[in-house]
Chemist: 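Take this structure first; my questions come after.
All values below were derived from every heavy atom in this structure, side-chain atoms included, with hydrogens, water molecules and symmetry-related copies excluded.
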Amino acid sequence: MAKLSFVILLLLFVSATVFAVEYNPVVIMHGIGASSSSMDDVVSWIQEALPGVYVKNVEIGDGHHDSVFMNMNDQVKSFCDQLAADTNLTGKKINLIGYSQGGLITRGFIERCGVPQVHNYITWSSALEGVFGVPYANI
């Protein structure tokens, strides 16, 4: 009986090792007038859906103030520098999510830096095609 238990345990260990899934890291950039803590729920949702995934929730400067008053080029550079310095991202393709102004910063990252390489890119409420106005408000 002990041998059978050992064999079953060994098979479970081997199958868990063979079929273990490693997800590409996820990088998130918050929007204007916010800080990285505003994306904590999103981080939790991703970690719940993809157990064990590495999620980097980027903060530029002090968040709230700097997202409004820091030059956009400087924000993109800070984003690039933080990703380049993160050893958890070295040699891996990332899934990149930008919310609101974070979409503009992440697009700047793709166009100017590109390391680490982006596997999937999602923008959420970002003005990448420009802003036209508010429908039905004649603005």
Chemist: Is there a donor-acceptor pair closer than 3.5 Å between any side-chain N or O of S67 and the backbone N or O of G63?
Modeler: yes

Chemist: How many angstroms lie between atom CD of E22 and atom OH of Y54, to the nearest 0.5 angstrom?
Modeler: 13.5 Å

Chemist: Could you grab the distance from atom OH of Y23 to atom CG of L50, nearest 0.5 Å is fine?
Modeler: 5.0 Å

Chemist: Is there a side-chain contact between V58 and I28, using heavy atoms and a 4.5 Å cut-off?
Modeler: no

Chemist: Quick one: CG on L104 to CD1 on I32, what's the gap to the nearest 0.5 Å?
Modeler: 9.0 Å

Chemist: Linking I/L/V/M/F/W/Y whenever their side-chain heavy atoms sit closer than 4.5 Å, directly or via other members, would L96 and V115 fall into one cluster?
Modeler: no

Chemist: Of the non-hydrogen atoms in A34 and S38, which two are nearest, and what is the gap between them?
Modeler: CB-OG, 3.5 Å

Chemist: Identify the two heavy atoms, one from V76 and one from F109, that lie closest to each other, and give their separation to 0.1 Å.
Modeler: CG1-N, 3.8 Å

Chemist: Taking the side chain as everything from C-beta on, heavy atoms only, tell me whether K77 gets closer than 4.5 Å to D74.
Modeler: no

Chemist: Identify which one of K92, K93, K56 satisfies the side-chain contact (heavy atoms from CB on, under 4.5 Å) criterion when paired with P25.
Modeler: K92

Chemist: Hey, could you give me the OH/CE distance between Y99 and M29, rounded to the nearest 0.5 Å?
Modeler: 12.5 Å

Chemist: Do you reckon I60 sits in the same ILVMFWY cluster as F69, going by side-chain contacts under 4.5 Å, direct or chained?
Modeler: no

Chemist: After noting the C-alpha distance and the side-chain angles of T123 and R107, does the key distance pass the side chain to side chain contact (heavy atoms under 4.5 Å, CB included) rule?
Modeler: CA-CA 9 Å; T123 60; R107 181 172 176 175; over 6 Å; no

Chemist: If only side-chain N and O atoms count, and only distance matters, is there a donor-acceptor pair under 3.5 Å linking Q75 with Q101?
Modeler: yes

Chemist: Between Y121 and T106, does any side-chain donor sit less than 3.5 Å from a side-chain acceptor?
Modeler: yes

Chemist: Any donor-acceptor pair under 3.5 Å linking the side chain of N57 with the backbone of S36?
Modeler: yes

Chemist: Assigning hydrophobic clusters by single linkage (Ile, Leu, Val, Met, Phe, Trp, Tyr; side-chain heavy-atom cutoff under 4.5 Å), is V68 placed with M39?
Modeler: no

Chemist: Nearest 0.5 Å, what's the CD1-CG distance between I46 and D41?
Modeler: 11.0 Å

Chemist: Ignoring hydrogens and angles, tell me if any N or O in the side chain of D66 forms a donor-acceptor pair with the backbone of D62 under 3.5 Å.
Modeler: yes

Chemist: Do V55 and V43 come close enough that some side-chain heavy atom pair is under 4.5 Å?
Modeler: yes

Chemist: Using 0.5 Å steps for rounding, measure from the CD atom of Q82 to the SG atom of C113.
Modeler: 11.5 Å

Chemist: Could you pull out all residues at least two apart from H119 that satisfy ring-ring contact (aromatic ring centres under 6.0 Å, His included)?
Modeler: none

Chemist: Got more than 12 heavy atoms from elsewhere within 6.0 Å of CD, E111?
Modeler: yes

Chemist: With the side chain counted from C-beta on, respond yes when L89 and I94 share a heavy-atom pair under 4.5 Å apart, and no when they do not.
Modeler: yes

Chemist: Which residues pass the side chain to side chain donor-acceptor pair (under 3.5 Å) test with N120, not counting sequence neighbours?
Modeler: N95

Chemist: Taking all heavy atoms of S126 and all of S100, pick out the closest pair and write down the distance.
Modeler: OG-O, 2.7 Å

